[in-house]
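Below, all heavy atoms of this structure are taken into account, side chains as well, without hydrogens, waters or symmetry copies.
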Amino acid sequence: MKIEIYSDVLCPWCYIGKRRIAKALEGFAHRDAVEVVWRSFQLAPEADGVPGPTAAEAMEQWTDPAAVPARVALIRSNGEQEGVELNLHKSRPVSTFDAHRLIHLAAARGRVDQVLEGLFHAYHTDALNVADPDVLSGIATAAGLDADEVGALLAGEAYADQVTADERRARAAGVGGVPSVVIDGRPPVSGVQDPAVLTAAFEAAWAQRAGA
């Protein structure tokens, strides 16, 4: 069974969702028969590599500024429940295109979970610039990737086509936000739901496969 997870490094809910999806898979009896694929989705495709306003400040551009403190508190509270520290008052959105290319390389080398964890922690907890090649290289090598291969990727265009292909796939699948989970090609569901709800969705998809 294939589980495709659309996410972006800039998304605090995606860091929360990563934890909840992992718990949901732990509770799924057929987890050893699951292929998990992380798909690219850029929340700020127009962004460059220069950090600007904080994530909390950026929220004021698309929602009622008076509602931002409560929204930030809700996100931070959900993060604490999953053991992650989300510093929206420090993290500053940037382009994540190269981060997504790095995630594709990590998937090809069997280190995607480690690289994702490193990226999420770097941006949301440590407020690092995840468009900076030095930051990306440090995350990648700490996760076990080859430094020379990572350097070549960041200096070139490797996996750029895969990132844009994922974004086309997201539109075709009806993914309009992240984290979104597509289970065996079914309509996307939210990846921040309670793990028990996600496990039930996995079980329903498995039962449909078994009955096909």
Side-chain angles (χ1 to χ4, degrees), residues 1-47 55 62-63 75 78 82 93-117 119-120 123-124 130 153 157-212:
M1 188 169 80
K2 179 182 283 189
I3 295 175
E4 298 167 275
I5 307 167
Y6 290 84
S7 74
D8 190 25
V9 176
L10 300 184
C11 170
W13 291 110
C14 292
Y15 199 178
I16 295 166
K18 182 177 183 292
R19 289 284 198 273
R20 293 181 179 170
I21 292 165
K23 289 179 180 178
L25 284 169
E26 288 175 6
F28 181 51
H30 306 285
R31 59 187 174 276
D32 291 339
V34 171
E35 175 190 6
V36 175
V37 180
W38 288 87
R39 299 286 187 195
S40 305
F41 190 104
Q42 294 182 93
L43 285 174
E46 74 291 344
W62 52 265
T63 192
I75 293 170
N78 274 266
E82 302 303 331
V94 289
S95 169
T96 53
F97 192 80
D98 285 345
H100 282 296
R101 294 197 300 123
L102 181 61
I103 291 166
H104 277 278
L105 171 64
R109 300 293 177 264
R111 306 299 292 175
V112 68
D113 188 72
Q114 294 84 348
V115 165
L116 278 165
E117 190 65 30
L119 287 166
F120 280 133
Y123 177 73
H124 292 287
V130 290
L153 174 133
E157 298 296 326
Y159 296 102
D161 289 345
Q162 285 87 334
V163 174
T164 55
D166 277 356
E167 294 180 327
R168 289 194 300 271
R169 186 188 297 264
R171 291 191 291 272
V175 173
V178 288
S180 286
V181 180
V182 175
I183 309 167
D184 258 358
R186 292 154 72 100
V189 298
S190 171
V192 294
Q193 298 181 87
D194 185 275
V197 175
L198 289 168
T199 299
F202 300 158
E203 291 169 347
W206 183 270
Q208 186 177 51
R209 286 171 60 91

Nearest 0.5 Å please: distance from the [atom1] atom of [X] over to the [atom2] atom of [Y].
X	Y	atom1	atom2	answer
I21	I16	CD1	CD1	11.5 Å
F97	E157	CZ	CD	7.0 Å
S7	L43	OG	CG	9.0 Å
L119	D8	CG	CG	10.0 Å
L25	L198	CG	CG	8.5 Å
R168	S40	CZ	OG	11.5 Å

If only atom types and distance count, is the side chain of [X] paired as donor or acceptor with the main-chain N or O of [Y] below 3.5 Å?
X	Y	result
H104	W38	no
R39	A170	no
R101	A160	no

Exercise for review: Would you indicate whether the side-chain heavy atoms of Y6 and C14 approach each other to under 4.5 Å?
Suggested key: no
Check your understanding: If we only count heavy atoms from C-beta on, is the L10 to Q42 side-chain gap below 4.5 Å?
Key -> no
Review point. Run the side-chain contact (heavy atoms from CB on, under 4.5 Å) check on R19 and E117 step by step: do they pass?
Key: CA-CA 10 Å; R19 289 284 198 273; E117 190 65 30; 2.8 Å; yes
**Study point:** F120 and Y15: CA distance, side-chain angles, deciding distance, ring-ring contact (aromatic ring centres under 6.0 Å, His included) verdict
**Key:** CA-CA 6 Å; F120 280 133; Y15 199 178; 5.1 Å; yes
Can you give me every donor-acceptor pair (side chain of residues 107-114, partner residue at least two apart or in another chain, under 3.5 Å) with its distance?
{"unit_1": "R109", "atom_1": "NE", "unit_2": "E149", "atom_2": "OE1", "d": "3.1"}
{"unit_1": "R109", "atom_1": "NE", "unit_2": "E149", "atom_2": "OE2", "d": "3.2"}
{"unit_1": "R109", "atom_1": "NH2", "unit_2": "E149", "atom_2": "OE2", "d": "2.5"}
{"unit_1": "R111", "atom_1": "NE", "unit_2": "A143", "atom_2": "O", "d": "2.7"}
{"unit_1": "R111", "atom_1": "NH2", "unit_2": "A143", "atom_2": "O", "d": "3.0"}
{"unit_1": "D113", "atom_1": "OD1", "unit_2": "K18", "atom_2": "NZ", "d": "3.0"}

Exercise for review: Would you please say whether a donor-acceptor pair under 3.5 Å links the side chains of N78 and R20?
Suggested key: yes
Check your understanding: Which heavy atom of A99 sits nearest a heavy atom of V9, and at what distance?
Key -> CB-CG2, 4.2 Å
Review point. Residues two or more places apart in sequence or in another chain: which of them pass ring-ring contact (aromatic ring centres under 6.0 Å, His included) with F28?
Key: H30, F202
Output side-chain donor-acceptor pairs under 3.5 Å for residues 171-185, partner residues at least two apart or in another chain, one line each.
{"unit_1": "S180", "atom_1": "OG", "unit_2": "G177", "atom_2": "O", "d": "2.6"}
{"unit_1": "D184", "atom_1": "OD1", "unit_2": "K2", "atom_2": "N", "d": "3.0"}
{"unit_1": "D184", "atom_1": "OD2", "unit_2": "R209", "atom_2": "NH1", "d": "2.8"}

